[in-house]
Each structure stands twice: as structure tokens, then as C-alpha cells.
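Each remark here refers to the structure printed beneath this line.
Just follow the structure's listing: the first ligand is 1, and inside any ligand the first atom is 1. Values below: all heavy atoms of this structure, side chains included; hydrogens, waters and symmetry mates excluded.
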Amino acid sequence: MNIKIIDVTVHVIKSKLDTPFAFSQGWVNKRSATIVQVKTSGGIVGWGEAFCQGLEPPEISAAVIENALKPILLEESPLNIEVLWHKMYNATRDYGRKGSVISGISAVDIALWDIAGKYFDQPIYQLLGGAFRTKIKPYATGFYRLKGKGEANRLAEEALCHFENGFDHMKVKLGFGIEDDLNCMETIRNALKDKNVTLMVDTNHAYGRSEALQLGKSLEEYKLRWYEEPVVPEDIKGYSELRSKLDIPIAGGENEHTLFGFKSLFVNNAVDIAQPDIGSCGGITGAKHIINLAHSFGVEVNPHVWGSAIAQAASIQVIASIPVTHFSVFAREPILEYDQSSHPFRRELLENPFELQNGMVNVPKGKGLGIEVNLNTIKKYKTN
Ligand code: MG
């Protein structure tokens with residue numbers, strides 16, 4: 001156990017998009033990532049990534065890691081993962097607890113798990129107690145807008161394209177006005193009518209309670225797997241109200257953080273499905289806390305992931321280790337969010353990128369995160 005953290009390097013990487021796209025909260029014109037590289041005295045290097053949503057400057061969590069976390073980490077044993085999580089959380093509590101500060105902690109935590117896996121020569125899921133599954137069904141996240149409204153036909157073509165690419169679960173971005181949303185859903189459903197496809201919707205909290213309810217009522221007949229972020233994350237009573245009034249499972253949590261934040265969702269019966277993002281909920285350690293807490297409330301956990309390849313790898317390790325919440329012979333398994341929107345460096349970041357095989361993603365069996373990061377890609381897109 002004579003291994004110490006000797007350096008923590010943050011890489012802020014960015015790439016402009018040729019064609020900007022919109023979700024309900026704005027236009028995304030570049031893809032960014034805050035990547036952390038933790039070096040140890042034994043030569044093992046761990047990789048982590050902070051969640052950086054489409055409108056978020058990656059420099060915020062980078063500054064957190066550089067200025068607040070690095071001084072805590074240097075000279076510590078990287079194997080004291082839980083201890084370091086608490087040290088980082090306690091040291092930043094008065095100005096942190098949510099948002100990019102917790103994303104910075106998450107990135108570091110992922111890197112520490114990667115180091116531990118490499119040190120013990122095991123995949124992370126093994127250190128978490130083993131894999132409940134060795135393959136994960138991915139779902140296509142997409143259906144972003146290139147103009148804004150009136151794109152139902154293009155979105156229906158996109159749905160067919162996802163189906164051809166092996167996806168039978170898809171999440172449609174809504175929140176562009178209820179009339180336009182419903183038109184898109186009907187057109188997509190008609191395009192997929194002969195296919196056995198499960199849909200989900202995500203408004204990214206575009207509406208208040210009454211509109212969110214109106215949209216939900218109109219979508220009940222679609223047999224959606226879930227209705228994601230129907231209202232703003234602060235409106236926990238709104239979540240509870242929608243959950244009691246709608247015959248659709250309510251999902252949320254990509255903008256919630258740590259077990260303390262998720263506890264509010266659970267005690268208020270706000271969600272059927274909790275969606276912590278491993279790059280912002282507190283990392284793998286944070287996810288572990290949340291998964292156990294959710295289990296005690298009978299809430300399913302289905303992580304959110306929109307990051308680059310390191311975030312995907314961390315999510316895959318965690319999803320492999322999540323027990324089903326409601327056990328039965330045909331229990332519902334967690335699925336992997338597999339973003340299909342434009343991302344110039346996500347695949348390029350790995351020497352061994354993830355591929356779909358018969359509509360499934362295999363959980364890597366290599367040590368740590370089970371990936372090889374391509375340093376040339378980091379150099380190519382690095383901005384700091
Ligand atoms: Mg979402």
C-alpha cells in the first residue's frame with residue numbers, strides 16, 4: 001500500500017461543432033470535457049472526467065480540481081478512495097455541495113477507482129462487488145434540433161437510422177413547445193410503427209408543472225419507459241405531483257448531486273428512476289452511496305451519461321454493478337445512455353473505442369476503467 005499521489009493534471013479539451021444543435025435549454029456549439037490525470041509514485045496513472053453539459057464551461061470544474069482538490073490529494077494514498085471523497089467533500093462543503101464543484105470531485109474519484117483497479121489488477125466493477133451483467137443494452141439519446149421547431153420528419157428519419165444501427169430504445173428530446181413536441185412524437189411513432197422500439201422523452205425541465213402535466217397526459221398512450229426532467233430540479237414537489245398524476249415513470253437526477261441531494265428526491269417520492277451522472281454526482285463513490293440509498297427507497301437507478309469516452313467507461317463499470325431494484329425473473333435491467341449527437345473527440349479519445357455488438361455494449365474486462373486513453377487526442381484538443 002506504499003503508493004502515493006504525486007501529480008494531478010487537468011486537461012480542458014474542446015472542439016467546435018460544424019453544425020450546432022439545440023436542446024430545450026439552448027444551442028450547443030462545441031463539445032468540451034474536463035479530463036483529470038492522476039499520477040502515482042508507483043507509475044500507475046488514473047483517468048477521470050467531470051460531466052460538462054452542453055452549455056457548461058469546462059474551466060469551472062478544472063479550476064476546482066486545480067485549486068481546491070489537488071492540494072488535498074498530493075502525497076495521499078490513492079487507494080483511500082472513500083477517505084479522500086470525504087476529505088474533498090468536507091473541504092468544499094461551504095462553497096460546493098452541487099454543480100461543478102462536485103463534478104470536480106467526481107472526476108478525481110473516477111481516476112482514483114481507475115488507479116485502484118490497475119493496482120489490484122481488476123476491473124472496477126469487481127472492486128464494487130462484482131458484475132450483475134456483462135453486457136448492457138444501450139439506448140440512443142438524440143433527436144436534437146438543428147433549426148428549433150418543425151423538424152418532425154427529420155427526427156422520424158433519425159429514429160429509423162438509430163434502429164438500423166441496432167438501437168431498440170431511444171430517448172427523444174422535447175421541450176420546444178407542446179404542439180411541436182407532440183407532432184414530433186406522433187411522426188416518430190408512425191415511422192417506427194412496425195418495429196418493437198421503446199421510447200423515452202426528456203424535456204430538460206423546459207416547462208412548469210401545468211404544461212409538464214399536459215404534455216405527460218398526452219404521452220401516456222406511448223407507453224414510455226420514462227419521462228425525464230419534467231420540471232426544474234429545484235421543484236421537488238412538482239416532481240412528486242407529476243409522479244402521482246401521470247401513468248408514466250418519472251426520471252430525474254442528472255442535475256442532482258451526492259447522496260444528500262438524492263435523499264431529498266427519495267423522501268419526497270419525486271422519482272421512479274434516479275439518474276445520477278457519474279461525472280457529477282460524486283463519481284463512482286458518490287454513485288455507490290446513491291445506489292444503496294435508492295435501493296432502500298425502491299427507486300431504480302439508471303445513470304445519465306453525456307460525457308466523453310472516460311465518462312462512458314466509468315458509467316459502464318457502475319451500471320455493471322447495480323443490482324436490480326425490483327427483483328423478478330424478468331426484472332428490468334438498467335440501460336446505458338449512448339449519446340448519438342455530434343462529438344468530434346469522443347471515439348478518438350480511446351485506443352479501444354466502445355462498439356455495439358448485437359445491439360449491446362460489452363463491459364470491458366480490463367483492469368480499472370478498462371480503457372486506453374489516446375494522449376495524442378488530448379494534445380490535439382487541449383486548450384489549457
Ligand atoms: Mg436528460
Side-chain angles (χ1 to χ4, degrees), residues 21-28 31-33 49-56 98-100 102-103 106 138-145 155 158-159 162 167 169-176 181 184-185 188 198-208 211-212 215-216 219 222 224-236 238-239 242-243 246 248-257 261-262 265 270-281 287 290 294 299-308 311-312 314-315 318-319 334-343 346:
F21 60 81
F23 68 125
S24 75
Q25 300 306 296
W27 290 89
V28 178
R31 296 299 291 248
S32 314
E49 178 180 341
F51 175 41
C52 184
Q53 66 107 297
L55 308 176
E56 179 177 354
K98 291 186 190 281
S100 300
I102 298 297
S103 299
S106 304
Y139 73 85
T141 286
F143 305 95
Y144 292 88
R145 306 302 195 272
L155 298 179
E158 183 182 329
H162 294 319
F167 291 100
H169 283 61
M170 303 174 194
K171 188 166 81 187
V172 182
K173 288 287 177 181
L174 299 179
F176 295 84
D181 288 349
C184 290
M185 289 302 288
I188 290 168
T198 300
L199 294 176
M200 294 149 274
V201 297
D202 183 3
T203 62
N204 292 94
H205 53 75
Y207 301 125
E211 281 180 298
L215 176 67
L219 292 176
Y222 281 70
L224 302 172
R225 175 146 170 170
W226 70 62
Y227 178 7
E228 180 170 325
E229 285 204 299
V231 290
V232 290
E234 300 92 329
D235 187 11
I236 292 174
Y239 266 91
L242 291 163
R243 191 180 174 204
L246 288 174
I248 312 177
I250 300 293
E254 71 184 73
N255 291 306
E256 195 47 84
H257 309 267
F262 277 84
L265 292 177
V271 291
D272 294 279
I273 298 154
Q275 300 174 298
D277 189 295
I278 312 306
S280 71
C281 73
I290 293 162
V299 172
E300 288 181 34
V301 176
N302 209 126
H304 169 268
V305 54
W306 205 70
S308 82
Q312 284 181 322
S315 301
V318 170
I319 292 174
I335 51 181
L336 171 69
E337 178 162 25
Y338 211 66
D339 174 37
Q340 297 297 298
S341 62
S342 173
H343 198 310
R346 179 159 43 208

Salt bridge (Lys or Arg N to Asp or Glu O under 4.0 Å) against R346, all qualifying residues, sequence neighbours excluded: D339

Sole residue of Q312, K171, Q275 in side chain to side chain donor-acceptor pair (under 3.5 Å) with E337: K171

Geometric class of the H162/F167 ring pair [parallel <30°, tilted 30-60°, perpendicular >60°]: perpendicular

Distance (rounded to the nearest 0.5 Å) between W306 CH2 and H343 NE2: 7.5 Å

Atoms named by residue and atom, protein N, O or S, within reach of the Mg ion (ligand 1) (under 2.8 Å): D202 OD2, E228 OE2, E254 OE1

Sequence-distant partners of E254, salt bridge (Lys or Arg N to Asp or Glu O under 4.0 Å), two or more places apart: none

For R243, side chain to side chain donor-acceptor pair (under 3.5 Å) partners two or more places apart: D272

